[in-house]
Amino acid sequence: MTRFLRALLVVGLCLGALPGLAQDAFETGLQRLAQDSFGETTTAISEIATSGASNAALVIEALADGRLFFTADKQIYVKKPTGEFLDARTGATLATEPTGGSAVRLNNRVRNVVQGALGNLGILSSDPVKRKEAALAVLRSKDATALPALETAIKQEKDRAILRTLETARAAIFVTKLDASDADRLAAIAALREVGNQDALATLRGLPTSVSAPVAEAAKAAIGGIESRLALWEVVQTAWYGLSLGSVLLLAAIGLAITFGVMGVINMAHGEMVMIGAYTTFVVQEIIRARFPGLFDYSLVFALPLAFLTAGLVGLIIERTVIRFLYGRPLETLLATWGVSLILQQAVRTYFGPTNQAVGAPAFMSGLIEVGGLSITLGRLWIIVFAFLAFLALLGALRYTSFGLQIRAVTQNRRMAANMGIRTNYIDALTFALGSGIAGVAGVALSQIDNVSPNLGQSYIIDSFMVVVFGGVGNLWGTLVSALSLGIANKILEPFAGAVLGKILILVGLILFVQKKPRGLFPQKGRGVEA
């Protein structure tokens with residue numbers, strides 16, 4: 001009878017009914033809270049949560065946060081986060097804090113009951129965010145008193161993700177409920193197996209030991225099935241992370257691939273071109289925030305061409321003032337460009353400061369998509385799309401424009417190209433500017449996933465050279481395959497060897513590979529390719 005009355009009160013809370021009973025239960029619950037007993041507090045939480053009183057959520061939330069107090073004369077009051085004090089019975093503001101107040105104490109058991117009560121209070125909220133949080137709270141607490149509210153919520157829920165959480169919470173309650181029938185438990189186990197996530201697995205592992213043999217066997221089979229499914233999704237998730245990292249490496253290395261391939265210059269300042277692109281994004285966003293805040297979601301659209309032009313111009317200046325005097329002397333170009341990188345880092349550090357700069361993400365790059373057991377962040381997804389678009393755009397420019405034809409001619413045979421009237425020095429300068437501009441565009445993308453600081457480029461310069469050397473100098477398809485291969489290999493090794501040791505193993509493997517194939521996976525072909 002008590003269980004039926006409690007269920008009736010919960011439904012009354014959901015529908016706004018039973019106002020007289022609601023206030024009586026609320027008052028009784030408040031009196032119990034002043035007893036300073038864990039047992040009384042547990043009973044009080046259930047009474048208050050199912051009372052339907054307007055202040056029920058206020059009291060339960062304050063209790064969860066340690067902001068609920070009682071005095072010697074059994075007065076209950078709430079301390080708001082802003083510092084105000086409210087009468088728990090009426091919600092009215094108190095002029096001063098009551099004297100001699102003590103906080104209502106909590107232990108782990110009481111906290112679990114509080115979490116379940118919060119779930120009961122929010123599970124039929126009009127706000128989908130609150131409904132989801134409430135459903136998750138019930139799932140964690142597995143409070144059987146939430147079943148009537150859960151049944152009502154499941155019947156009217158339209159959001160599929162929230163409905164899935166509600167159904168998981170209901171199944172979790174039946175699985176762990178001590179007096180549940182075998183039929184209910186078997187149905188709940190089947191539902192949890194269908195859900196197949198970590199919450200379902202944890203719930204099945206918490207099955208009481210006193211269950212019957214058929215239920216135990218069903219739970220064991222469900223656990224095995226979920227573990228197999230999660231293992232498969234973990235492989236898919238690792239591949240996704242590898243693809244994401246590979247797209248970042250592709251963006252960082254694609255500009256270096258053409259400059260290194262055409263001119264043979266070991267450009268240690270390539271990472272600083274990436275940094276310049278990232279800081280260009282920061283400057284564009286600061287201007288938009290200050291003058292055109294409504295255009296913030298389009299900030300990257302403005303930043304992309306500006307980053308390309310800025311980094312390209314800096315690259316052109318470097319080529320005309322430093323590199324053009326060092327062609328054919330790779331060691332000198334390495335040292336000179338390393339010095340240039342230090343100058344650029346210090347210039348940025350002096351002007352913008354040494355600390356990280358805040359670069360925001362547009363609305364379309366924020367959020368998460370869940371496909372089965374795969375979690376896809378929209379920011380990473382857009383970067384992957386952008387990386388492949390940038391690759392295809394550069395590939396098209398090299399293949400279908402006269403400038404691209406001249407670049408390929410100089411790459412394959414510089415002397416023959418010069419004899420055919422191609423100004424190789426001019427092509428060198430524009431190619432270096434193009435590679436630097438692409439690095440600047442990469443900086444725009446990397447500003448969304450990494451810290452924008454003077455040291456940003458240093459994080460990618462070594463990886464960029466590894467990608468270019470492994471794929472084949474000057475071969476864009478080789479750069480693509482190399483970037484994706486190294487990205488996936490890195491993510492596969494990380495769980496077993498750690499991030500640092502994983503990189504070391506990849507570097508050792510690359511060294512051994514280069515010993516066998518010095519020109520990389522896809523070397524340049526042609527009778528005039530210079531060694």
Side-chain angles (χ1 to χ4, degrees), residues 243-263 267 270-271 273-278 280-281 284 298-316 319 362 364-365 378-412 426-449 457 460 463-464 467-468 471-487 522 524:
L243 180 62
S244 176
L245 176 60
S247 67
V248 172
L249 294 178
L250 176 64
L251 277 175
I254 192 172
L256 186 64
I258 59 173
T259 56
F260 194 21
V262 173
M263 296 177 290
N267 180 19
H270 181 77
M273 302 299 107
V274 175
M275 174 195 69
I276 288 172
T280 301
T281 308
V284 168
Y298 303 95
S299 59
L300 298 188
V301 176
F302 298 109
L304 282 171
L306 289 175
F308 178 83
L309 293 175
T310 304
L313 179 60
V314 172
L316 183 62
E319 197 280 335
F364 67 88
M365 293 185 69
L378 289 180
R380 290 278 184 173
L381 178 62
W382 277 108
I383 289 176
I384 290 174
V385 172
F386 177 72
F388 280 93
L389 289 177
F391 172 80
L392 293 175
L394 181 59
L395 193 66
L398 292 178
R399 184 173 295 273
Y400 299 111
T401 65
S402 60
F403 176 55
L405 179 62
Q406 293 179 45
I407 289 178
R408 286 185 288 134
V410 173
T411 301
Q412 293 182 18
Y426 175 78
I427 294 300
D428 286 338
L430 291 184
T431 302
F432 197 88
L434 175 63
S436 299
I438 294 172
V441 170
V444 178
L446 294 180
S447 69
Q448 300 299 303
I449 60 173
Y460 296 98
D463 289 338
S464 297
V467 169
V468 172
V473 175
N475 190 308
L476 290 186
W477 285 108
T479 303
L480 173 66
V481 173
S482 173
L484 298 182
S485 300
L486 292 178
F522 302 96
Q524 289 282 4

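Annotation: Tyr298, atom OH; neighbour count of heavy atoms from other residues, nucleotides and ligands within 6.0 Å does not exceed 12. No more than 12 heavy atoms of other residues, nucleotides or ligands sit less than 6.0 Å from atom OH of Tyr426.
Of the candidates Leu484, Thr479, Asp463, Asp463 is the only one forming a side-chain contact (heavy atoms from CB on, under 4.5 Å) with Leu249.
Listed by chain and residue number, Arg408 satisfy the side chain to side chain contact (heavy atoms under 4.5 Å, CB included) test with Leu405 (two or more places apart in sequence, or in another chain). Annotation: side chain to side chain contact (heavy atoms under 4.5 Å, CB included) contacts of Ala390 (sequence neighbours excluded): Leu251. Qualifying side chain to side chain contact (heavy atoms under 4.5 Å, CB included) partners for Leu316, counting only residues two or more places apart in sequence or in other chains: Arg320, Ala429, Ala433. Partners of Ser447 according to the side chain to side chain contact (heavy atoms under 4.5 Å, CB included) rule, which considers only residues two or more places apart in sequence or in another chain, are Ala278, Thr281, Val359, Val452.
To the nearest 0.5 Å, atom CE of residue Met275 and atom OH of residue Tyr460 are 14.0 Å apart. We find the CD1-CG distance between Ile383 and Leu245 to be 11.5 Å, quoted to the nearest 0.5 Å. Atom OG1 of residue Thr401 and atom CD of residue Gln406 lie 8.5 Å apart, to the nearest 0.5 angstrom. If you take CD1 on Ile276 and OG on Ser436, they are separated by 8.0 Å, rounding to the nearest 0.5 Å. Within the model, atoms CG of Leu394 and CD1 of Ile407 stand 8.0 Å from one another, a figure rounded to the nearest 0.5 Å. Separating the CG atom in Leu378 from the CZ atom in Phe364 is a distance of 10.0 Å, to the nearest 0.5 Å.
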Stepwise side-chain contact (heavy atoms from CB on, under 4.5 Å) test for Ile384 and Leu243: CA-CA 8 Å; Ile384 290 174; Leu243 180 62; 4.0 Å; yes
Pair Thr280-Val444, side-chain contact (heavy atoms from CB on, under 4.5 Å): steps then yes or no: CA-CA 8 Å; Thr280 301; Val444 178; 6.0 Å; no
Is there a side-chain contact (heavy atoms from CB on, under 4.5 Å) between Leu389 and Val385? Walk through the geometry before answering. CA-CA 6 Å; Leu389 289 177; Val385 172; 4.0 Å; yes
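The shortest non-hydrogen separation linking Met273 to Gly315 is SD-N, 4.2 Å. When all heavy atoms of His270 and Leu256 are compared, the pair lying nearest together is CE1-N, 3.3 Å. Contact record, Ala387 with Ser247: CB-O, 3.7 Å, taken as the closest heavy-atom pair.
Within the 4.5 Å cutoff, side-chain heavy atoms of Trp477 are placed close to those of Phe391. Side chains of Leu300 and Met365 form a contact here, defined as non-hydrogen atoms less than 4.5 Å apart.
Sequence neighbours left out, the pairs with a member in residues 378-388 that pass side chain to side chain donor-acceptor pair (under 3.5 Å) are Ser244-Arg380.
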Without placing hydrogens or testing angles, list every side-chain donor-acceptor pair under 3.5 Å for residues 303-310, not counting sequence neighbours.
from	atom 1	to	atom 2	distance (Å)
Thr310	OG1	Leu306	O	2.7

